[in-house]
Amino acid sequence: QVQLVESGGGLVQAGGSLRLSCAASGGTFSWYFMGWFRQAPGKERERVASINWSGSRTYYADTVKGRFTISRDNAKNTMYLQMNSLKPEDTAVYYCAANYDVGLAPGDYRYWGQGTQVTVSS
C-alpha cells in the first residue's frame, strides 16, 4: 500500500503563496487518483483539488479555482499544490489522499497523509 507524506506548509501573509508537496512511497504512484483536502478547526474535511492518474485532468473546489493549481510528477512519485493569492479562510490542515478509483469526496479515498498546517495571516 502507498504511504503519503505532505510538506511545505507554514505561515504566510494574505496574498502570499505556498507550494505543498505530497511524496508517495510503497506503491505505484501512477496507479492512484490523487487529491488534496483541508480541514479547518470545527469544520468538516473538504476537497480542495484532485487530479487523475496521468495528470491530464484536474478538478477544483469553487473556493480555490483560479488561485490553486494541482499537479503531479509520476517519475518523482510526487503531487503538488501551488497556492497563490492566499486568504485567511484558506487556513487549515492540508492533507493529500490517494485512491485507485476516481474520488471527489473524502470518503472515496483509501490512503491519507498526516497533514501539514497552512496558516494565512491577515
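- Between Tyr100 and Tyr111 the shortest side-chain heavy-atom distance falls below 4.5 Å.
- Using modelled atom types, one side-chain atom of Tyr60 and one backbone atom of Ile70 make a donor-acceptor pair closer than 3.5 Å.
- Considering only heavy atoms from C-beta on, Trp53 comes within 4.5 Å of Phe33 through its side chain.
- Counted by atom type alone, Thr28 and Ser30 present zero donor-acceptor pairs between their side chains at under 3.5 Å.
- Cation-pi check for Arg72 over Tyr80 is not met; the charged atom does not lie both under 6.0 angstrom from the ring centroid and within 45 degrees of its normal.
- No donor-acceptor pair under 3.5 Å is formed between the side chain of Ser50 and the backbone N or O of Met34.
- How far CD of Gln13 is from OG of Ser122: 9.5 Å, rounded to the nearest 0.5 Å.
- Nearest heavy atom pair, residue Ala14 against residue Pro88, reads CB-CD, 4.1 Å.
- A salt bridge (Lys or Arg N to Asp or Glu O under 4.0 Å) check over residues 93-119, counting only residues at least two apart or in different chains, returns nothing.
- Taking the six-membered ring where the residue is Trp, Tyr94 and Phe68 present tilted rings, their angle falling between 30° and 60°.
- Using a 4.5 Å cut-off on side-chain heavy atoms (C-beta onward), Arg47 and Tyr59 make contact.
- In the hydrophobic clustering of this structure, Leu11 does not group with Val118; members are Ile, Leu, Val, Met, Phe, Trp, Tyr whose side-chain heavy atoms approach within less than 4.5 Å, directly or through other members.
- Nearest heavy atom pair, residue Val2 against residue Ala24, reads CG2-CB, 3.8 Å.
- By the 4.5 Å heavy-atom criterion applied to side chains, Gln82 and Leu18 are not counted as neighbours.
- Closest heavy-atom contact between Lys43 and Gln39: O-NE2, 3.1 Å.
- Although no hydrogens or angles enter the test, the distance criterion places a donor-acceptor pair under 3.5 Å between the side chain of Thr78 and the main chain of Lys76.
- Phe37 and Val64 fall into different hydrophobic clusters, defined by Ile, Leu, Val, Met, Phe, Trp and Tyr side-chain heavy atoms under 4.5 Å apart, directly or through other members.
- Met83 has its side chain out of reach of Ser17: every pair of non-hydrogen atoms, C-beta onward, lies at least 4.5 Å apart.
- Under a 3.5 Å cut-off, the side chain of Asn52 and the backbone N or O of Ser56 do form a donor-acceptor pair.
- Between Val5 and Gln114 there is a side-chain heavy-atom pair separated by less than 4.5 Å.
- A heavy-atom distance below 4.5 Å is found between the side chains of Leu81 and Val48.
- In terms of heavy-atom proximity, Tyr109 sits nearest to Leu104 at CE1-N, 4.0 Å.
- Between Tyr95 and Trp112, the angle of the ring planes goes over 60°, which puts this pair in the perpendicular group of the 30/60° scheme.
- The distance from atom OG of Ser121 to atom CG of Leu86, rounded to the nearest 0.5 Å, is 10.0 Å.
- With hydrogens and angles ignored, the 3.5 Å screen pairs no side-chain donor or acceptor of Thr91 with any backbone N or O of Thr119.
- For the pair Ile51/Met79, a side-chain contact is recorded, criterion being any heavy-atom separation below 4.5 Å from C-beta on.
- Judged as a salt bridge (Lys or Arg N to Asp or Glu O under 4.0 Å), and not counting sequence neighbours, the contacts of Lys65 are Asp62.
- Every residue meeting the salt bridge (Lys or Arg N to Asp or Glu O under 4.0 Å) condition with Glu46, not counting sequence neighbours, appears here in chain and number order: Arg38.
- Judged by distance alone, the side chain of Glu6 and the main-chain N or O of Cys96 form a donor-acceptor pair under 3.5 Å.
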